[in-house]
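Computed from a prediction, not measured in an experiment: that's the story for all the values here. Below, chains carry the letters A, B, ... as their sequence lines are ordered, and counting in each starts from 1.
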2 protein chains.
Amino acid sequence: MARYVHGNRERTYPLTVPTRPAQRELDEFLTRAVSNVSVLGDLRALLASGERQLRIKQGFDPTSANLHLGHAISLRKLRKLSQWGHEVVLIVGDWTTQIGDPTDKDLSRPLRSRDEVMQNAQTYLDQFHLIVPRENTRVVLQDEWYGTFGLRDVIQLTARFTAQQILAREEFRKRLEKKTAIPIKDLIYPLLQAYDSVAIEADVEFGGTDQLFNILTGRELQQQVGQPPQSVFIVELLEGLDGEKMSKSKPAQSIWLVDPPHEVYGKVMAIEDKLMSHYFEWATELPMSEVQATLRAIASRELHPRDAKRKLARTITAELHSAAAAEEAERDFDRIHKEKAAPSEVEDVREVRVDGAKEIPIVDLLVMAKLRPSRSTARQLVEGRGVKVDGSTASLDTSVPVKGEPVVQYGKRNYARIRFR
Amino acid sequence: MARYVHGNRERTYPLTVPTRPAQRELDEFLTRAVSNVSVLGDLRALLASGERQLRIKQGFDPTSANLHLGHAISLRKLRKLSQWGHEVVLIVGDWTTQIGDPTDKDLSRPLRSRDEVMQNAQTYLDQFHLIVPRENTRVVLQDEWYGTFGLRDVIQLTARFTAQQILAREEFRKRLEKKTAIPIKDLIYPLLQAYDSVAIEADVEFGGTDQLFNILTGRELQQQVGQPPQSVFIVELLEGLDGEKMSKSKPAQSIWLVDPPHEVYGKVMAIEDKLMSHYFEWATELPMSEVQATLRAIASRELHPRDAKRKLARTITAELHSAAAAEEAERDFDRIHKEKAAPSEVEDVREVRVDGAKEIPIVDLLVMAKLRPSRSTARQLVEGRGVKVDGSTASLDTSVPVKGEPVVQYGKRNYARIRFR
């Protein structure tokens, strides 16, 4: 493997050294929503010293366009590191996404086209910067190294790891037991993700607990080629509304960064009570002292779970949008849930131009009525059974007749009346 | 996978159609020294029809420079096909050799440099053409397609086969059981060899029984990409002097195409009696009627095994060299073995110029005395413990003092006296 240093990258050490965070601040940074992994040692020392700028690797496979509240946990960590003066390198998995990460999957994923991948990447990056500032952040495509990766590079890389090592990871062991096909490309996936660390010379890699295997593989590869091994920073995976890991593949069970305030609020109100401690601690920026006081108050029954959840919903909505939006969302929520608002009382009226059509596909209608910002988000919501027309759940095949003033319910708590022009 | 047709290759159909071999000749071609595999069907019809020129794939990994009598079995088949008007494509595994064929191996092989590989290829090709005429033969390097094989090609190729499929082959199952490391590169090896068939659009692939898995993988890949699947032609693997498969890794147990007549003769005389039927049938060009008559005569004790073996040794030596050389080799063999010629009676005297050196490394000595044609063959012989100096077995470290007239025994039956000048 000859190419470790890639083209136009230069490792820059700023004249001003990074911040030395206060002990207490660093403690919270390294523990809150952080999985209990043992390879943090170096990282604490490196961050505490403030001696040099660290290069933080955060990879992502743009398999879908949107980020959810679970992602916000690491993004806030990255924001902090960026504010402390470290360099965040966001690696767009324009190559690995074509393969499909076998992590946490029963089945291999189909190959994707690069065009599809790159389309998703753009909205993803926009959403990333909703939380992480552009300053101190560098976005790189894997194409910078994989665009010219030849067979020799693949051979040398695949000579460094054994089939046994890779097949030992849990997902593969399950697939072997169930006799589910494991295409050889799936064994190569972790190696490519590992090589990313070598290519950018990462000091730290970020990821959810499900990425631990891939990240440790990166650490091992760096050692094999003579680079200092990256530290590992593993954050917890937030649960979705169904109590399972929040996931791109279950849009209706996830809270999206681009969800409107009503929906964020309503979805938080819909989580199971037992998830509140994770949500308070991991998914808000409330001071830990307040988080702990709140959780204690719930445990001692001083605080009713419903009121705790209202506080949580307000906080999360305010953090993703604004305090004003959170207040309005709470009022709307109360109006609908406490006052049992009926669709007949819907105040939100949307005008849609029909130009002589007899009916309109549901996805088009959602976009034309500006209930969803894009066809893809509209499709996602319909697929998640999150849209009703006059009380009937819509599917992707649904077309709405152009007559009367149908009421569209989108998401659990949003209603709009459609007027055709 | 976009590139199936490579650069300057054009499939040429000669104006004259290939020969239509006589039924009897074809029968012998398809059975003598041919393993009993079931995918021959198409091949018989294609060869019998003489309708079009077939493209015959013979791959080789130049892991060592020399060919042995076992190789001659397929080379003679290829010669016949070439004479019948078909096209022999000899693929130099300049890429796969770098990986190392895991076939029949307990351990993964070290990566080799391309330079080393290409050096071996040249002598190999020269020896190939000792048997197969250059006419109707095309030599291609894998570099023609793998030189520009990118990560995308690797991903698409490795998406077509599962880890389970490849690990199911016997060598890998054994390695899994013994917990011997299987680098992922080893799983990719068969896929690369398979892709060779796609790249040249092979009609038939040739190989020993140990290559069946690789060759069937080629057949499958061709089907997957929409090419007519190649026929499979599997020849038997001849045993060496130790009764095990003749092999590059056991030089002293193998009969090399470049062995001098004495050595060919002597080595054949050293094979176990029970191997004679394989040797007569597979490794000679005697008519099958004569082979069968000879084997019957041995079985009925009309022919003493020693006399049968003398006939075999004469035949093989004559086929690799000449009838005259075979007769001389037989006389020398008799002189040494029947008359118990002692080293003191060695007639073969070689003069070596020393230019003031005090001692000469054994490998240099063998080449300077013209006992071996090259340093690599000399080294091979020494490594196989096939060289003695005044009765002591030499190793690669041996240096011979420049004094007296040492007698060098090289191979089991050859002696030369060295005179220094």
Whatever's closer than 4.5 Å to a heavy atom in chain A on Ile188(B) counts as side chain
Contacts of Thr137(A) meeting side chain to side chain donor-acceptor pair (under 3.5 Å) (sequence neighbours excluded), chain-then-number -> none
Report the C-alpha separation of Met118(B) and Leu141(B) in whole Å, then their side-chain angles, then the decisive distance to 0.1 Å, and conclude whether the side chain to side chain contact (heavy atoms under 4.5 Å, CB included) test is met.
CA-CA 10 Å; Met118(B) 293 310 293; Leu141(B) 300 181; 3.9 Å; yes
Ranked by heavy-atom pairs below 4.5 Å to chain B, first place among Phe172(A), Phe161(A), Trp95(A) goes to Trp95(A)
Tyr124(A) meets the ring pair (Phe, Tyr, Trp, His ring centres under 6.0 Å) criterion, sequence neighbours left out, with Phe60(A)
| Do Gln98(B) and Arg152(A) get their side chains close enough for a donor-acceptor pair, meaning under 3.5 Å? | yes
Pair count under 4.5 Å, heavy atoms only, with chain A: among Thr158(B), Val154(B), Leu192(B), highest is Thr158(B)
